[in-house]
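In what follows, every chain begins at residue 1, and chains take the letters A, B, ... in the order their sequences are listed.
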There are 2 protein chains.
Amino acid sequence: MVERESTPLTDILKAASDPTRRSILTLLAQDGPTRVTEIAARFEKSLNAVSKHIKVLEAAGLVSRRTAWREHIIEVRMEPLVEIDRWFRDLRSIWEMRLDALESLLTEENDND
Amino acid sequence: MVERESTPLTDILKAASDPTRRSILTLLAQDGPTRVTEIAARFEKSLNAVSKHIKVLEAAGLVSRRTAWREHIIEVRMEPLVEIDRWFRDLRSIWEMRLDALESLLTEENDND
DNA sequence: ACCTTATTCATCCATATGGTTGAACGAGAA
DNA sequence: TTCTCGTTCAACCATATGGATGAATAAGGT
């Protein structure tokens with residue numbers, strides 16, 4: 001009933017908001033492409049739990065998967081994170097525009113004194 | 001039973017990962033400090049729902065509250081968002097370090113040819 | 001005192017999320 | 001074929017989340 005929205009930015013932020021998933025990204029950034037089992041071995045969670053985390057990251061575009069034989073090699077993708085950066089910058093620029101407008105308004109008033 | 005972790009960065013990202021909450025931040029960045037009721041009026045949700053969203057943003061430090069008479073004036077705080085930026089930059093630098101190491105390794109090998 | 005306004009608190013609901021365990025699948029090795 | 005390995009799929013569970021509605025609180029206006 002409750003329309004479940006899902007935009008790229010929302011998916012990226014949601015994926016990044018879990019500490020385990022951020023750890024996975026850090027691990028991949030450090031060590032490069034890594035097998036699912038290998039990744040799971042670094043955490044005190046079941047293989048399945050980690051597998052699910054990876055799927056979330058994958059859905060958000062934060063990692064890519066390359067299947068070689070029976071092994072799934074996971075690689076971090078930095079590109080989508082730029083979306084967060086962009087959102088942050090947009091918000092900040094909106095905020096600064098208002099402050100600038102406010103300041104010039106005050107300056108104007110001072111001129112009228 | 002499941003240890004519920006909550007770090008500043010996690011709270012910030014979780015707070016930012018909801019579209020409604022991001023809209024509230026944008027609204028506040030544009031219009032400046034605004035009353036809760038005023039904010040709620042901009043959304044097709046109950047006052048209570050918006051009130052709860054604001055509490056989440058507040059807990060993450062993304063907005064501050066100033067109670068004047070019976071009115072609660074909400075203001076956006078940009079500072080905590082820098083944490084996201086920092087995390088992103090850290091991750092990227094870890095990633096670049098690995099690539100640099102990889103590249104210099106390859107160059108070395110070429111030198112040995 | 002009583003009304004009105006602004007907001008939160010308390011419940012309750014449906015769905016999402018993070019976790020577990022066990023079965024299933026795909027593909028090389030014995 | 002049967003075994004093992006790497007991984008996902010399918011249930012299932014407890015808790016979190018986003019939403020609604022109605023009561024409670026706070027404080028000025030009448």
Selection from [options] that lies nearest to any side-chain heavy atom of [X]:
X	options	value
S51(B)	dT8(C), dG6(D), dT21(D)	dT8(C)
H72(B)	dG19(C), dG18(D), dT8(C)	dT8(C)
K45(A)	dG19(C), dT8(C), dT20(C)	dG19(C)
A49(B)	dG19(D), dT4(D), dC9(C)	dG19(D)

Distance in angstrom units between [X] [atom1] and [N] [atom2], rounded:
X	N	atom1	atom2	value
E71(A)	dC5(D)	CD	C1'	9 Å
R70(A)	dA29(C)	CZ	C1'	8 Å
I54(A)	dG18(C)	CD1	P	14 Å
H53(B)	dT8(C)	NE2	P	13 Å
D11(B)	dT17(D)	CG	C1'	14 Å
E58(B)	dC9(C)	CD	P	10 Å
K55(A)	dT17(C)	NZ	C1'	16 Å
D18(A)	dT17(C)	CG	P	11 Å

Subject >> N/O donor-acceptor pair, side chain K52(B) with base dG19(D), under 3.5 angstrom >> reply: yes
Subject >> Check: N48(A) side chain, dG18(C) base, donor-acceptor under 3.5 Å >> reply: no
Original post:
Is any side-chain nitrogen or oxygen of R21(B) closer than 4.0 Å to OP1 or OP2 of dG18(D)?
Top reply: yes
Original post:
Does a donor on one side chain sit under 3.5 Å from an acceptor on the other, for T26(B) and S23(B)?
Top reply: no
Original post:
Should the pair D90(B)-R86(B) be classified as a salt bridge under the 4.0 Å nitrogen-to-oxygen rule?
Top reply: no
Subject >> Salt bridge D18(B)-R22(B), side-chain N to carboxylate O under 4.0 Å >> reply: no
Original post:
When the nearest nucleotide of DNA chain D is assigned to V50(B) and to I74(A) on a heavy-atom basis, which residue is associated with the more 5' position?
Top reply: I74(A)
Subject >> salt bridge (charged side-chain N to carboxylate O under 4.0 Å, His left out), paired with E58(B), selected from R66(B), R65(B), K52(B) >> reply: R65(B)
Original post:
Do the side chain of R21(A) and the main chain of A16(A) share a donor and acceptor less than 3.5 angstrom apart?
Top reply: no
